[in-house]
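Every chain is numbered from 1 and lettered A, B, ... according to where its sequence line falls, protein lines coming before strand lines.
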There are 2 protein chains.
Amino acid sequence: MKREQELLVNFLKQKGLKQTGQREKILEVFLANMKHVSADELHAIIRKSDPRIGFSTVYRTLRLLTEAGLAREVNFGDGRARFEKAFDKGQHGHLICTSCGKTEEFVVGAIDKAIKQVSSGVGFKPMGHRLEVYGLCKKCQ
Amino acid sequence: MKREQELLVNFLKQKGLKQTGQREKILEVFLANMKHVSADELHAIIRKSDPRIGFSTVYRTLRLLTEAGLAREVNFGDGRARFEKAFDKGQHGHLICTSCGKTEEFVVGAIDKAIKQVSSGVGFKPMGHRLEVYGLCKKCQ
DNA sequence: ACGTTACTGACATTGAATATCAAATTCAAG
DNA sequence: CTTGAATTTGATATTCAATGTCAGTAACGT
């Protein structure tokens, strides 16, 4: 069993929640997918292999995964929440092209350091962050 | 006349748009307000001194101000867009307490530097960014 | 002053996020 | 393996912010 699956099972047990086929399936497809997906998109993908899974369940499970630390919500400014894998993946930022919509991830240690520094200065305890940089990608300039 | 008002007038002229009492009024109230406001909130404030200004106009004017570089959209994770003054104010991040909802601004030069560095590395041209740090404020820990 | 063009504001529409609830499923206890 | 209490599911309804529509109004160049 994958680490992520174990984590979900543990999370469910801790919370007194139940292990269901739908939740397994949704996690599996979510993990197999490379891109950032919205609840809608993930639902569409899952429907192909199992048309009986409803949107509500996908939606709720994504929130569950977020709570469990397996997913993270991101926003690309198009008014719909998207989710990305969060486990075994450090915090990172996104470069978002305002012309063609293309997104790219990046990681910079300097940013984490800067956040810690600022936070400790005002007694704030950082738990996570979102950094979105808007601009023009190579092609669109 | 304030710098901001001049900027708006210039922007309107450039775009072939018209100068109206509503737009002046909305900018004035927006500037006088300290906090981050949503279109709804700003509308409510403006209504007190001029009940005839409609929500649509406030909403559209906020987008106009954003386009003109006088306002900037920010997101605090409560599912509603808020706006803050953008002129004469550098890019900054927000510390958002996930317990009490309090927000605090901060500026770190290191972050701008890091963004420039990463961007130039992949040929991306950054135009602006949003950095939101979620965690617990001093009181809520 | 006039005519063209943009603006306004009330209202309608959209669409994502969330709530509701009866039927189905899980799972621990017997 | 059955049973029963508790959670889940999925279809549908609701909410609410964002945006579209459009007839009446106001701005501004001539």
Residue pairs, two or more places apart or on separate chains, that pass salt bridge (charged side-chain N to carboxylate O under 4.0 Å, His left out) and touch residues 17-42 of chain A: A:E41-A:R82
Interatomic distance, A:L12 CG vs C:dA28 C1' [rounded to whole Å]: 16 Å
Interatomic distance where CG belongs to B:L62 and P belongs to C:dT8 [whole Å]: 13 Å
For atom CZ of A:R23 and atom C1' of C:dA24, their distance in whole Å: 14 Å
Partner set under ring pair (Phe, Tyr, Trp, His ring centres under 6.0 Å) for A:H92, not counting sequence neighbours: A:H94
Under 3.5 Å, sequence neighbours excluded: what are the donor-acceptor pairs made by side chains of residues 123-141 of chain A?
residue: A:H129; atom: ND1; partner: A:Q91; partner atom: OE1; Å: 3.3
residue: A:Q141; atom: NE2; partner: A:L136; partner atom: O; Å: 3.4
residue: A:Q141; atom: NE2; partner: B:G123; partner atom: O; Å: 2.6

Nucleotide C:dA17, atom P - distance to CD of A:E41 in whole Å: 11 Å
Contact check, side chains of B:I46 and B:V58, non-hydrogen atoms, under 4.5 Å: yes
Nucleotide-resolved protein contact map, nucleotides 19-30 of chain D, B/S/- at heavy-atom distance under 4.0 Å: BBB-----BS--
B:R52 CZ to C:dC7 P, straight-line distance once rounded to whole Å: 19 Å
Length of the line joining A:H43:NE2 and D:dT12:P, which is rounded to integer Å: 12 Å
Nearest heavy-atom neighbours spanning B:H43 and B:G54: NE2-C, 3.5 Å
Interatomic distance where CD1 belongs to A:I53 and P belongs to C:dA24 [whole Å]: 18 Å
Interface residues of residues 70-84 of chain B with DNA chain D (non-hydrogen, below 4.0 angstrom): B:G79, B:R80, B:A81
Value rounded to 0.5 Å, distance of CG in B:L65 from CZ in B:F30: 6.5 Å
A:L42 CG to C:dA16 P, straight-line distance once rounded to whole Å: 15 Å
Atom of A:A39, atom of A:L62 and distance for their closest heavy-atom approach: CA-CD1, 3.6 Å
Nearest atoms (heavy-atom pairs only) where B:K85 meets B:N33: NZ-O, 3.3 Å
Under the salt bridge (Lys or Arg N to Asp or Glu O under 4.0 Å) test, residues paired with A:K15 that sit two or more places apart: A:E67
